[in-house]
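Inspection log for the structure reproduced underneath, given as structure tokens.
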Amino acid sequence: MVWFLHLFGSGGNGAEVIFWDIGGIGMASVYKINKGVSKPIVFKGLKAQYIAYLALGLVFLLVLFAALYILGLSLFVVLPLILSLGSAVFFTVFRLSHRFGEHGLMKYFARRGIPTYVRFNSRRVFTSLKGGRNERG
């Protein structure tokens with residue numbers, strides 16, 4: 001059984017984490033962790049803030065499962081509901097990560113917040129500005 005976790009001084013953009021003989025199967029699992037300077041955090045294809053979105057979604061599902069179970073609902077009702085919501089969270093977060101990338105979702109919402117046009121009913125807005133050419137004094 002070999003467990004190897006070495007992240008410091010790898011010299012490259014990333015480090016490999018190797019876990020041998022997990023569960024007695026005899027197969028190795030290699031996880032690549034991106035640790036480059038000024039590069040976004042990437043884990044299993046998720047970029048930057050989408051990792052946090054997925055974590056928050058899973059924590060919410062855990063709390064929802066506990067609340068529904070404590071309220072007395074049957075496991076035959078709760079488990080399919082939580083599993084379907086969990087798969088919806090996974091697919092949605094991965095789709096957003098691949099569609100928008102690191103900063104694309106914030107840019108998308110910022111672009112949607114810009115009005116298409118600004119309409120004024122009077123010139124008073126412009127004539128009352130200070131420091132303009134037509135300042136009355």
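Residues: numbered from 1 along the sequence shown.
Every residue two or more places apart in sequence or in another chain that forms a side chain to side chain contact (heavy atoms under 4.5 Å, CB included) with L81 is listed here: L68, L85. Partners of L75 according to the side chain to side chain contact (heavy atoms under 4.5 Å, CB included) rule, which considers only residues two or more places apart in sequence or in another chain, are F65, Y69, L79. Not a single side chain to side chain contact (heavy atoms under 4.5 Å, CB included) links L62 to another residue, sequence neighbours left out. With sequence neighbours left out, F91 forms a side chain to side chain contact (heavy atoms under 4.5 Å, CB included) with S87.
When the side chains of ILVMFWY residues are joined at heavy-atom separations under 4.5 Å, either directly or via intervening members, V77 and I82 end up in a single hydrophobic cluster. Grouping the Ile, Leu, Val, Met, Phe, Trp and Tyr side chains by contacts below 4.5 angstrom, directly or via other members, places I51 with L58. Y50 and V59 fall into different hydrophobic clusters, where Ile, Leu, Val, Met, Phe, Trp and Tyr side chains are chained together by heavy-atom contacts under 4.5 Å.
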I'd like a table of donor-acceptor pairs (distance under 3.5 Å, sequence neighbours excluded) in which one partner is a side-chain atom from residues 92-104, with atom names and distances.
| from | atom 1 | to | atom 2 | distance (Å) |
| --- | --- | --- | --- | --- |
| T92 | OG1 | A88 | O | 2.6 |
| S97 | OG | K47 | N | 3.3 |

Identify every side-chain donor-acceptor pair in residues 105-121 under 3.5 Å, counting partners at least two apart or on other chains, and give the distances.
none

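If you take CG on L46 and CG on L54, they are separated by 6.0 Å, rounding to the nearest 0.5 Å.
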